[in-house]
Amino acid sequence: VLPLSSNPDQFREEAGLVYFIATSGTGRDLWQTDGTSEGTALSLDLPGNAVEFTFRSGQAVVSTLSGSTYSLWYSGTSIAGIAVNSLKNLTTTSDGSVYFFARATSSSPYYVYRFDGSTAQTVGGPLPAVPSSLVAIDDTLYFTSSSTLYQVDATNGLQALYSSPTASLLSRVEKLGDDVYILERMTSSPTRYNLRDSAGQLLSTDIVWAGTGKLLVSMGDRLYFIANRSGLGQELWSSDGTTAGTQVVTDLRPGSNGSDAGGLIAGANHVYFSGHDGVSGNFIYRVDSSAVVTRLARFAPEINNSSVSNLNSRHSATLGNSKVVFSASDGTTGAIYVSDGTPTGTTRLINYGTSSTPAQMETLGGTVAFWRPSVSNSLRVTNGTTVTQPTGTTGAIRSAARVNSSLFFLESTWLRTLTGNVVTNVAAVGSGTATEVVGAANRVFWADQGKLWVSDGTASGTFVAR
């Protein structure tokens with residue numbers, strides 16, 4: 001059994017098994033599990049300590065650290081020529097190339113390496129700074145280094161795509177569909193971004209982060225974002241990836257004040273957002289692929305953008321192919337809403353919580369489960385019409401994950417499941433301090449005080465892996 005100090009991390013599913021790095025008697029090594037005690041075992045016992053891993057053609061590629069020297073291994077065999085001071089960001093692309101960044105000494109620059117299954121060779125460099133913002137699309141890897149966006153592939157090697165005026169501006173790279181977009185942070189108070197394509201072509205300025213979640217969402221072949229422009233104020237914009245095809249979707253509140261648009265979320269056939277028309281107050285709107293904007297039913301008096309922004313992230317969920325369930329508030333009282341993108345199909349389901357504690361949600365087949373983190377007996381289920389409290393005991397949910405059509409969640413020292421409208425006690429587990437549970441291979445995994453726990457949803461199938 002792995003000791004209390006095993007500290008498992010870097011969980012990755014591959015061919016029906018879950019792999020992770022953990023500390024055992026021989027140091028940090030690569031382990032694997034099929035979700036059973038008998039199927040949890042050491043996968044690779046390599047010299048030194050395992051640091052990172054990825055897969056190529058079903059075989060593990062692992063970096064290890066012995067003393068101050070990093071090495072690289074493939075299918076248990078050392079890859080010649082790799083003995084470096086630093087090695088990071090193992091990434092596999094669709095053609096089977098494994099890319100990583102390495103430097104010879106602590107004062108040396110980083111170079112880009114490519115491993116093709118037999119040899120590892122440099123394909124570019126030196127780089128001006130530590131690489132970051134890695135995004136793999138098909139057979140190409142994109143990343144930033146200092147103020148420059150790069151791409152690397154097996155055919156063309158390393159290419160610089162775009163250099164921003166200063167290193168601090170090129171802050172992140174977003175992948176949407178088959179395309180890569182650059183977000184440059186132009187100001188920090190308030191924070192505003194420029195949007196560029198991978199060649200550096202400027203698509204939009206003054207993008208703002210309106211609430212939690214992503215700066216960009218996509219529907220069909222268009223991007224949607226919130227921008228605050230002189231003369232227009234803060235409104236919803238969209239782009240087809242070209243300068244000519246980037247424009248404001250609707251000017252909800254004509255004039256320089258703008259509608260204070262926010263709460264951006266993409267549904268199956270609509271993008272939802274909030275905005276103030278300057279006359280009647282704050283409403284939720286939706287836009288379809290034809291750029292037709294429809295105002296939905298007003299939910300509550302003076303609903304504010306900070307609460308509507310909880311449309312993002314964990315505070316919304318899809319229901320079937322055409323509905324969205326989300327959390328919002330009127331500034332004091334929270335509520336759960338459902339919308340099919342039409343005014344008559346948008347309703348408040350239940351008053352729930354407060355503006356400062358929005359619900360977290362998960363889609364479970366034909367229903368949506370929602371709860372307030374750390375609030376006892378807050379778990380509810382909706383089919384889009386009615387809201388019910390599941391049968392069975394629920395305390396304060398610390399973390400939850402969906403596996404198939406069931407919700408697995410940690411609550412105090414218990415693992416419980418929600419299936420349909422019934423909560424089942426699975427097993428008493430751990431110390432009650434674990435904060436994240438993840439679902440993979442039809443099971444859930446979590447770390448608690450250095451132990452790796454696994455469960456298939458049954459008491460006999462819940463155990464500390466070894």
Side-chain angles (χ1 to χ4, degrees), residues 1-14 16-45 49-53 62 313-314 357 360-362 364 369-379 390 392-404 406-419 423-466:
V1 176
L2 288 171
L4 289 176
S5 58
S6 62
N7 295 319
D9 61 13
Q10 300 184 48
F11 298 98
R12 182 190 299 268
E13 186 175 1
E14 178 73 18
L17 298 175
V18 171
Y19 292 80
F20 58 95
I21 291 176
T23 301
S24 60
T26 57
R28 288 191 67 76
D29 296 300
L30 185 67
W31 286 69
Q32 67 184 52
T33 180
D34 63 1
T36 68
S37 179
E38 296 78 12
T40 302
L42 186 66
S43 179
L44 284 175
D45 182 7
N49 291 301
V51 179
E52 293 183 31
F53 70 99
V62 185
S313 190
R314 296 182 177 182
T357 56
Q360 292 189 6
M361 302 188 183
E362 193 68 70
L364 304 175
F370 57 91
W371 64 95
R372 293 168 62 199
S374 302
V375 177
S376 295
N377 298 312
S378 64
L379 182 63
T393 303
T394 61
I397 296 176
R398 289 183 287 113
S399 180
R402 182 185 68 222
V403 176
N404 299 321
S406 295
L407 185 73
F408 287 63
F409 58 94
L410 296 174
E411 176 250 296
S412 185
T413 57
W414 279 88
L415 173 69
R416 307 186 197 275
T417 61
L418 169 67
T419 303
V423 171
T424 301
N425 298 333
V426 177
V429 292
S431 65
T433 60
T435 57
E436 184 174 8
V437 57
V438 295
N442 297 317
R443 291 170 173 82
V444 288
F445 302 80
W446 69 96
D448 189 328
Q449 292 190 338
K451 299 180 186 179
L452 173 65
W453 285 80
V454 182
S455 179
D456 63 0
T458 67
S460 61
T462 301
F463 58 93
V464 176
R466 64 174 178 84

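Here, residue 1 is the first one in the sequence, and each next residue gets the next number.
By the 4.5 Å heavy-atom criterion applied to side chains, W31 and L44 are not counted as neighbours. Annotation: side chain of V438 is not in contact with side chain of W446 (no heavy-atom distance under 4.5 Å). Between L410 and V429 there is a side-chain heavy-atom pair separated by less than 4.5 Å. Inter-residue side-chain proximity for V423 and L379 is flagged as met; some heavy-atom pair is nearer than 4.5 Å. The side-chain heavy atoms of T417 and L407, taken from C-beta on, include no pair separated by under 4.5 Å. Counting heavy atoms from C-beta on, the side chains of T40 and Q32 never come closer than 4.5 Å.
Between the OG1 atom in T33 and the CD atom in E13 there is a gap of 11.5 Å [rounded to 0.5 Å].
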Let me see the working for W453 and V444 under side chain to side chain contact (heavy atoms under 4.5 Å, CB included), right down to the final yes or no.
CA-CA 8 Å; W453 285 80; V444 288; over 6 Å; no

F409 and L415: CA distance, side-chain angles, deciding distance, side chain to side chain contact (heavy atoms under 4.5 Å, CB included) verdict:
CA-CA 6 Å; F409 58 94; L415 173 69; over 6 Å; no

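For the pair S399 (side chain) and V437 (backbone), a donor-acceptor distance under 3.5 Å is present. Judged purely by atom type and a 3.5 angstrom limit, S378 uses its side chain to pair as donor or acceptor with the backbone of R372. A donor-acceptor pair under 3.5 Å links the side-chain atoms of R398 to the main chain of S412, judged by distance alone. With E411 contributing its side chain and G395 its backbone, the two residues share a donor-acceptor pair below 3.5 Å. Here the side chain of R28 pairs no donor or acceptor atom with the backbone of P8 at under 3.5 angstrom.
With hydrogens and angles left out, the side-chain atoms of N404 and S406 include no donor and acceptor closer than 3.5 Å.
Figure legend: cation-pi geometry between R12 and F53, with NZ or CZ positioned under 6.0 Å from the six-membered ring centre and within 45° of its axis.
Considering L452, D9, L30, D29 as possible partners of F20, the one that fulfils the side chain to side chain contact (heavy atoms under 4.5 Å, CB included) test is L452.
Scored by the ring pair (Phe, Tyr, Trp, His ring centres under 6.0 Å) test, W414 finds no partners at all (sequence neighbours excluded).
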